[in-house]
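Order of the sequence lines fixes the chain letters, A, B, ..., with proteins taken first and strands second; residue numbering starts at 1 for each chain.
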Amino acid sequence: MLRAHRSWYRKFVELNLWATLYSSWLLGLFPFVYISRTRRIKRSGWLVGYGIAFNVLLLWLAMNYYEATQSQAKEELFTRNPLAEQINVLHNGLLLLTVFVMYFRNWWMSDELGKILNVLLELHDHHFRRYDTSDCYNFDNYIVYKGVCTMLELISIIWIIFGLSPRYNIGLLVGVLSIMVIQLGVFMVTTHFHICVMFVYRSIWIINRELLQLVNRLTIDKQVTKSSRIPKLFDLYRRLLELNRRIVGVYDYQITLFIVSLLTVNVISIFYILVYVVSLRKAVTFYMFLNFLQALSINISDFWLNIALCDLAVSANRSTAAILKLFNDIPQLDKQLERNLNDFALFSSHRRLTFNHFGMFDVHNAMGFRMVIACTLYMLYLVQFDYVNLMRTST
Amino acid sequence: MSPNTWVIEMNSHKSRLFTHPQAHPRSQLSNDAFARRAVSNDNPVFEDISTILSVLKASGLLPFYEQLSSYEVGPPSKTNEFYSFFVRGVVHALTIFNIYSLITPNSAQLFFSLRETDNVNQWIELLLCIFTYTLTVFVCARNTKSMLEIMNEILKLDKEVLRQFGVVLSNNCNFSVKFLVVIVCCQAYIMVLRIYAVKGAITPTSYILIAFYAFQNGLTATYIVFASALLRIVCIRFHFVNQLLNAFTYVQQQKLAKKSRRQPPVSNMEHFPEDSLFIYRTHNKLLRIYKSINECCSLIIVCFLGYSFYTVTTNWYNLFVQITNNKGIISAHILQWCLAWLCLHTSLLALLSRSCGATTYEANSTSQILARVYGKSKEFQNIIDKFLTKSIKQEVQFTAYGFFAIDNSTLFKIFSAVTTYLVILIQFKQLEDSKLEEQVQNEV
Amino acid sequence: MSQPTPLVQPLLLQFQQLFFISKIVGVLPQDLDKFRHKNMLEKSRNGMFYMLGVLSVYVVLYNLLIYSFGEEDRTLKASQSTLTFVIGLFLTYIGLIMMATDQLTALFNQGQLGELYERIRVVDERLYREECLLDNSCIAKRIRIMLIMTFIFEISILVATYINLVDYTQWLSLLWIVSAVPTFINTLDKIWFAVSLYALKERFEAINATLEDLVMEHEKYKTWLSGNDATTATVGNRTTDHPPQSSPPPQYDSNLEYLYKELGGIDVGSLRGSGSKNRNKVAPIAHSMNSFGESIPTPYKPQRMNTNPMINMAHESELSNATKVEEKLNNLCQVHDEICEIGKAMNGLWSYPILSLMAYGFLIFTAQLYFLYCATQFQSIPSLFRSAKNPFITVIVLVYTSGKCIYLIYLSWKTSLASKRTGISLHKCGVVADDNLLYEIVNHLSLKLLNHSVDFSACGFFTLDMETLYGVSGGITSYLIILIQFNLAAQQAKDAIQSFNSFNDTAGFVGAATEMDNESSTLYDMVTTTMMSPTY
Amino acid sequence: MSGNIGQLLHSHLRFYQLLGLHGLPLPGDGWSENWAKWFRLFAGCLMIGFTALTVVCLTSSDVFLYQGDAFGWFNDILKYGFAEIAVFSIYAETIWHPRPLARFWQLYATLAPQPASTLRLQMRQHWRFLVTLYGTLSLEGLLVCSLASMQVMSRHIVLFWSTFQPFVLIVHLRNTQFVLHLELLRQQLLQLEHELALLAEYSTFASDVASFAGFEEYLRRRVRHKQLIYGRIYEMANCFLVAFRYSVLTVLLMIYVRIAVDCYFMYYTLYNKINIIDYYLLLPAVLEIPAFIYVSQSCMQLMPRIAHQLHSIVITSPALSLQIQNFSLQLLHQGVRIDCLGITVLDSYLLTRSVTAICTYMIFTVQLMPKLSGTYW
């Protein structure tokens, strides 16, 4: 029963992966074709061209029908609070920048990305394929979370826009659709990054498991004192870290901008609602409140998903070092093995898995926590500023 | 490094696996500590924290585990399990009822206050408390097994220590009882204050609300005390390991050499290899226990920290408001109220951060102590090296769900955060008041 | 360990005047003539009573001072609010609290202090046996300089304030002198800490210097092996003219490196106290280095100079046989660890005083600046902060207060740097003497060294590290801005609602604000990395 | 280092020298002692001149400082004060301890004995530095010219900028000097990393395909050689830190303060609709800090990569593994860490922190503003 359920779940995960692949092909974000003969992927010019054309068209559409998607609630806000308008302009600029940079980098770095993916494939084929990964639950879960989150984001966009502005017309529809597709593209790009990270995570997880098995074997029967697996695992580990560095290098701008825009969206939306309710003294309808709430929660969950993914991999890497400690209490190991272990330990004290964007911040729970705190503070400051304006306008 | 952090009872040497020719160095690291006889075998495990354990069991946060032997506990029996389920169900039912009555105007008479913001604060405080407690219950229900595992691990470790060194590690967690008393007193006092503060006749709903609110607070606090007691226990084990290791450091060796000058100075380093094996194993086990405790408790701790952060902030704010309004006299009621809350939460935070800090310190200082062991021969050096190499830059931390490390400085960090928010709150208050002034002005 | 004639002169010999002064003003309770005769700090009951008496006298006088100068604060209380008044008192009492902390801690660990210096003496003996000498002569100089600085600051502040801002018509104003006592005593106490810390730093540097000497000797040994100096010289000249494409042979390189380090001199400070032979060897080089011209050729003269004599004597390097050097390296490592332990112990002894000092520094710095602002706005300020009325006195006060804190932080930072440097020197030994046995020893020891930690912290709340300055300065800035904001708001509110006289309420804000801030800043300044570090 | 630093570096060092930023005589010009003396003297004169300028600006009754409100006036004083401190520290370092700098150049000469042959190659080698230097300089000039053309000049603006701009220029040039030195350091580290990578490849190749007798020994000796080189590079970094000990701090501080203050002024002028556009001159200052931090960060980021390459050498003999462990322990002990007086590490995280800090102060000061402008709401 459980097994069956499990298998269904696996199928669902596969479905997610396939959906990501095909939709990103459709959106022209994944300009690679898989050559089954060499088990490699290679970049195809046609797909690149298609992607560029498609996205330019989308952006043009979105630009044209931008006004149509504006709601009148916002205008009241802006008349009441000029700061909000300035912020809004800035924020739109930021979002636009995000989209442009995402597409541009995605196209610009696609060569490097192809190389990385090939290395990943090669590692998978030659080393990790033969290990059974059916009980690596986190992998499946996070893939599913990501997919679900993306879907929810899209739904919430529709809901918000149609909820805030009840006057339907063709322009609105087209605008909303184009915006949605663009956003889908953005999510797809981030999803690629996350899937790469998940694969790295799973490989490290496998390495950990191997090490653990080795420790257990060595502790159980005292005869076995040597093993040749350590150097291989060490080599894999090293290559994985290097690979991870390259992946992060490819997705630096995208992920940073994505995180920043998510945070700003949260701050600004809360700010709007506060201004709207408190200082504009508008009665907020329950429907609107619900609308706002779902958008906020989905945004936050998506942001947190970004953090949690990276934190998962980082913690897995941390446990690698902890597992190495278990080799301490095995009485007499082979000299060779000892030496390899020492090398491994030294290396892991030099380098560890970090998702460090521009060296500015590396992503893990602590950083996410700080970001949230900082956002809260800035929101409070903004609201204060609104109060100050209130004072000055009231007299 | 006071040796009376645990009590040692030396059995005859044959109770050891290997017998040392002459007084083992570890015998003098606790000379003055041969305080009490070995605990007889049929006494309950963890008798130091038995009170707090029983409280938690009774409230369904911990299972009524069966004690198989003096060094093993088993899963609870069916009836006890059912009992725990029942208690949790009751708790959740009460919670739902409370939320309902909070939304409906039944509880209006609890929120009597001059200022709007105070009521809002109390509201949020209530909700936070309810949330924290509910989360605690859920997490505990989920972690029943792992909690038992942790206990078993600790007991197994004790057993091994007893077998190896004839040493009974006592875990002096007497502070738990004291804190229990403090919590109960504070909550009772606050309840009384609340009841007196309410004007008019009190509806039973409000009675239930108040009582349950106090109950929830108390239990959450108790759980925190329990967590820190566990940490203390682990800390003592770590300390024991460090003491063992400390006997081999060059300082101790020199002392030993000085002591045994008349008879030919015999170094006791020959025990180092087998002892080091034991030490490493124990250290690894302890690290695992530490980690699993962290995993069990961290979510609850995060929630509690947030809750107490909020409470402390609002209470400081109230105090501040009370002090700064020079119109009327400072109302003694609110003062007592705030002070009770502050002392409760501050003491809890202090306890938590202190125990976490101590444990982390002990865990990380093992490698530093090992670095003072100077083995003459090559194999000793290898034994030392292999530990040191693997513990470079690998300090452990007790993190609150990875958000931030909890150690001695946490209390300060929290208070700095409190001040930051206070500044903002006060600025708001300023703005509001000047707004009021202006309105008055316009009317005049 | 206990020889009739000690190998090394104890460190405390240098502390003569400091001990007398601090004994007189009651900073240290230890026995006077014991110190004079055998340079040891021992507990004494009389000293304790004397100190307690002095402390109580100070407290009484100080309260008297506050009372007598509180007279003119009545008006302030009327104009301002009760709270600013209370704050003023609180701020003034901070100084008293600090002084009391210092003296009481000195009382409590009068025993351990002696043991501490005894341990340092033992360490000196061990170092002596490893023939790395160190001279404590400069310590006495330092102490003198510090004392003079302290006197200058205290006197200048006191006199300037007294003449400018106190009306010295009534005799009570003489009490103002008492206001300088707490800072003075605190400074004396801190001088003890600072100088002992500096001594530790010297010990570390002595160890480093010994290792460097080992390296150097081995270099000379190698050059001596590798033939006469002529070839070396030619090698040198060749490299100056057209250096080899691949980098030159190692021993030559690191020889060069060593010499340059000697020339660079300042960066490591590894020269200090590392034996006399070292000195007079360096002298000519340093001389020729004063005007640093053509870079490469100059250093070769000294090299030839000190290779020439070496050629005649057949000298051997210790590094050449690992078994002999292992013992020495082990001992040095143990001494290093011992010094680290001493550092920790010292830190433990002084942890509360340092904590109070830092809190005091932060508070006074902020308060002084804030009151300076108030004075420029012609608002009334607490009478005990009258020095803020005059910007120049304020500057002196700020320099004095911050100087104390920053110097301690800087010194502890330097000390930990010196202790970390030992590992580097050790590795240099290993690399220079290219020998597998030695490599094993070096790896083992450097693993140990990685685990020797000497980090100075105030009660574990924050480490005494330069990084702390970053957080503290940020804290000061933001709190000043906030304070001034509150002040402005309060002023405007006051003006706005002059018409109806419910103004205590708003006037409370200022006081309230200040109060809140003082409450908080004590907490804040400890926190180098607050939870909201991104925002500050 | 006669002739072997290349004419590009030579000319630029000469340029710095003429501004008194580089206190050493260059290779090629003989009479080193006298030269050195003259340069010190020259730097001293410049220092005195700048100090005098500051004193005049701060004390004179003329409108050097902003007169609008007290806060703005105070801000201008801050700007002058920090600029003066920065310039003073710069020249003090030039005059009173040139030795670490000399040591730095010696090490550089021993490490890179041969400059790239042609000028183009040298340009390619130092392009980052060239971009930083000329980019900021040209931008600065451009903005000053545009200001002079577009802005209607009030006396305050003329006086202020004519006196303040020289400070800014010197400080920014000093910053580019840091960039130059760090860039040289980075090149050395990169070189080392490449060599280690080559060794690693070679070892893998030899391990599975072909090895010759004494190969391990050879490899070990190479590793040891790299170890020695690394020691020298580390000392180079140390010398940099010692040579520019104070000016790194003061320069960063001055730029930081200026940015914070001018942001305030920018908002102020926009807020009160004053048509002064001189806040555009802030732009180069905003670019300076990232330029510096970027280079230092790229230096520090090379450390783990070096360790990575080191550990990817295939170990075939115990002696070799011993050597490699020794090297990696050495790396652990002496990691290149570029900070200003230990106060804060100069990596991009500093950038994040300072940006957030500036935002916070902005918010505070902006809230301050209506209260400052005397009218009460």
Side-chain angles (χ1 to χ4, degrees), chain A residues 82-83 86 230-231 234-235 237-242 244-245 249 252 256 260 335-336 338-354 356-362 367 370-371 373-375 377-395, chain D residues 200 204 207 267 270-271 290 293-294 296-298 300-301 303-322 324-332 335 345-353 355-356 359-360 362-364 366-371 373 375-377:
Chain A
L83 178 76
Q86 292 170 13
I230 290 290
F234 177 33
D235 185 40
Y237 182 74
R238 224 184 47 236
R239 289 169 69 181
L240 271 176
L241 286 195
E242 185 59 21
N244 179 64
R245 196 184 60 77
D252 260 344
T256 313
V260 169
K335 280 271 169 286
Q336 183 67 29
E338 277 290 351
R339 212 177 291 121
N340 295 332
L341 282 172
N342 281 346
D343 285 333
F344 204 154
L346 275 175
F347 180 76
S348 63
S349 70
H350 273 297
R351 285 197 70 173
R352 48 190 66 175
L353 192 73
T354 55
N356 189 328
H357 297 299
F358 309 114
M360 284 200 187
F361 57 92
D362 44 5
M367 200 60 212
R370 283 181 179 176
M371 285 176 178
I373 293 288
C375 285
L377 273 177
Y378 279 120
M379 197 192 65
L380 284 173
Y381 288 141
L382 278 178
V383 174
Q384 259 184 9
F385 197 78
D386 182 58
Y387 263 92
V388 176
N389 281 338
L390 194 65
M391 313 267 89
R392 299 179 61 247
T393 46
S394 67
T395 56
Chain D
T204 38
S207 63
Y267 192 87
L270 293 180
Y271 179 83
I293 282 182
Y294 175 66
S296 71
Q297 161 136 29
S298 49
M300 286 186 280
Q301 273 175 345
M303 291 307 299
R305 299 194 46 70
I306 288 177
H308 185 274
Q309 301 297 358
L310 173 70
H311 275 285
S312 51
I313 293 176
V314 174
I315 297 169
T316 45
S317 75
L320 180 60
S321 97
L322 204 59
I324 284 177
Q325 282 186 16
N326 188 305
F327 195 177
S328 108
L329 281 172
Q330 186 186 4
L331 286 177
L332 275 178
V345 190
L346 295 174
D347 59 356
S348 302
Y349 184 50
L350 174 66
L351 219 57
T352 328
R353 280 186 299 175
V355 167
T356 42
C359 290
T360 317
M362 277 303 293
I363 287 166
F364 283 147
V366 164
Q367 284 184 345
L368 220 51
M369 203 177 297
K371 307 177 184 175
S373 57
T375 64
Y376 305 133
W377 306 340

Taking atom [atom1] of [X] and atom [atom2] of [Y], what is their separation to the nearest 0.5 Å?
| X | Y | atom1 | atom2 | result |
| --- | --- | --- | --- | --- |
| S317(D) | R339(A) | OG | CZ | 8.0 Å |
| F361(A) | L351(D) | CZ | CG | 12.0 Å |
| D343(A) | Q325(D) | CG | CD | 5.0 Å |
| D235(A) | T204(D) | CG | OG1 | 9.5 Å |
| S312(D) | F234(A) | OG | CZ | 8.0 Å |

Chain A contact via [X] - side chain, backbone, both or neither, heavy atoms under 4.5 Å:
| X | answer |
| --- | --- |
| L332(D) | both |
| I315(D) | side chain |
| Q297(D) | side chain |

Item to check | Contact summary for T360(D) and Y381(A), nearest pair of heavy atoms | outcome: CG2-OH, 4.0 Å
Item to check | Any donor-acceptor pair under 3.5 Å from S348(D) side chain to F358(A) backbone | outcome: yes
Heavy-atom side-chain contact between [X] and [Y] under 4.5 Å:
| X | Y | value |
| --- | --- | --- |
| F347(A) | S328(D) | no |
| R351(A) | H311(D) | no |
| H308(D) | H350(A) | no |

Checklist entry - Excluding sequence neighbours, so at least two apart, what forms salt bridge (Lys or Arg N to Asp or Glu O under 4.0 Å) with R305(D)? => result E242(A), E193(D)
Checklist outcome for this item: chain D shares the most heavy-atom pairs under 4.5 Å, among D362(A), N356(A), L241(A), L346(A), with L346(A)
Checklist entry - For the candidates G335(D), C359(D), P318(D), which exhibits the highest count of non-hydrogen atom pairs separated by less than 4.5 Å from chain A? => result P318(D)
Item to check | Step-by-step side chain to side chain contact (heavy atoms under 4.5 Å, CB included) determination, Y378(A) to T356(D) | outcome: CA-CA 10 Å; Y378(A) 279 120; T356(D) 42; 3.9 Å; yes
